[in-house]
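A short write-up of the structure that comes next.
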Protein chains: 2
Amino acid sequence: MPALEDAPRAPGRPRSVRVDEAIVSATLDLLAEGTTVDVLSIEAIASRAGVGKATIYRRWPGKEALLHDALATLKLPGPELAGESVRDDLIALLSQVGPTGHDPRFPKILPCILPHLSRSPEHYQAYQDIIEPRRNRVRQVLRRGVANGELRADLDIELTMAVLIGPILMQRVVRWHPDLDADKMPEQVVDLLMAGIAPH
Amino acid sequence: MPALEDAPRAPGRPRSVRVDEAIVSATLDLLAEGTTVDVLSIEAIASRAGVGKATIYRRWPGKEALLHDALATLKLPGPELAGESVRDDLIALLSQVGPTGHDPRFPKILPCILPHLSRSPEHYQAYQDIIEPRRNRVRQVLRRGVANGELRADLDIELTMAVLIGPILMQRVVRWHPDLDADKMPEQVVDLLMAGIAPH
């Protein structure tokens, strides 16, 4: 699939790009409405997009390939980072976990694809490939903090990423803790982790 | 549904209890095999349990009620806590997030029910009711730590719970970070959070 963002946004875009966009958007709409991957069908996507099934099959070999491309479009470019304080850059990156900076359908869609990810190593890897560039930006900020002394020299970078991202993702996806506000969590989680929970 | 754990385990149990157990177990088996809630049917459950659909409908008004009771059985009693160190008690409780101390089907089942939870306030509340007793044990250990000085006096208890549980749950459910080992995470996450990531 050609990258949609490379296409001009004006009405003059080639019709084939507009058709691609409509098919991808129909796929995401159906997932966001609660259709699970099991139930999602090329027929339903074609109907929602206003195209024939053959039009979809000319572009994608099947549901898996279309789903992969559709999910890849959910990850918009990340925020510009000030690059001054590691704390502030982490908050900026974590504020993108969930709706801000993503397609607004993302938090509705993630639960719908989880069963799918957990059942197949190929789907798991495809999703890892999609999220890895975003995750890598967090990794680089943590490494910068270790290098410049803002973070502990012996920090476990991968573990720290999991502890930063996991709670915010769980809150975005299923509002795991009824009393927490996902919008406030990036700053709260970073500050809690910076300070630690034991007295110093 | 009568609590299954109240029934004697010997072959002398009433047949009705054994039928209840078979129906609940069939429901959990189907979910663990990747059946989503959308696709799960009373017909499939009856077939797997070796009973008629009418037998299920005499016991539960429908799929939602059966699902709620089936999920409630996944939460086994938590571990005994030593009650000496807050760190050790937290690790013991967090080691129960996932398979140990749960029905081994739990990590396979959770992704299958997430889309379902995220679509309905009633289902969300039902699941909160199921997990709240377990979550409350973590809350009490944290409060003890604040009271006895093992933890910071100004600790945000709800936030800390989210930060402790979220990463481990994400790892159990979808192995979110390919390089982390979920079995080691309870101790790793507690120690990271106790120390904080900034130098002191």
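Proteins get letters first, then strands, A, B, ... in listed order; numbering begins at 1 in each.
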| task | Considering only heavy atoms and a distance below 4.5 Å, find which of B:Arg175, B:Gln171, B:Met161 pairs most often with chain A. | result | B:Arg175
| remark: Among B:Asp156, B:Leu192, B:Leu142, the residue with the most heavy-atom pairs under 4.5 Å to chain A is B:Leu192
What I'd like to find out is whether the side chain of [X] reaches to under 4.5 Å of the side chain of [Y], using heavy atoms alone.
X: A:Pro79; Y: A:Ser95; value: no
X: A:Arg105; Y: A:Ser25; value: yes
X: A:Pro186; Y: A:Val97; value: no
X: A:Leu159; Y: B:Gln188; value: yes
X: B:Gln140; Y: B:Leu93; value: no

| message | With side-chain hydrogen bond (donor to acceptor under 3.5 Å, both in side chains) as the criterion, how do A:Glu132 and A:Asn136 come out once you've worked through the C-alpha distance, each side chain's angles and the decisive distance to 0.1 Å? | response | CA-CA 6 Å; A:Glu132 186 57 25; A:Asn136 204 36; 5.7 Å; no
With a 4.5 angstrom heavy-atom cut-off, is it the side chain or the backbone of [X] that approaches chain B, or both, or neither?
X: A:Leu155; answer: side chain
X: A:Ile109; answer: neither
X: A:Leu151; answer: both
X: A:Met185; answer: side chain
X: A:Glu150; answer: backbone
X: A:Leu164; answer: neither

| query | Has the side chain of B:Arg48 got a donor or acceptor atom that lies under 3.5 Å from a matching backbone atom of B:Glu43? | reply | no
| query | Hey, which of A:Val37, A:Thr160, A:Val39 has the most heavy atom pairs under 4.5 Å with chain B? | reply | A:Thr160
| Which residue out of A:Ile197, A:Asp154, A:Asp179 racks up the most heavy-atom pairs below 4.5 Å with chain B? | A:Ile197
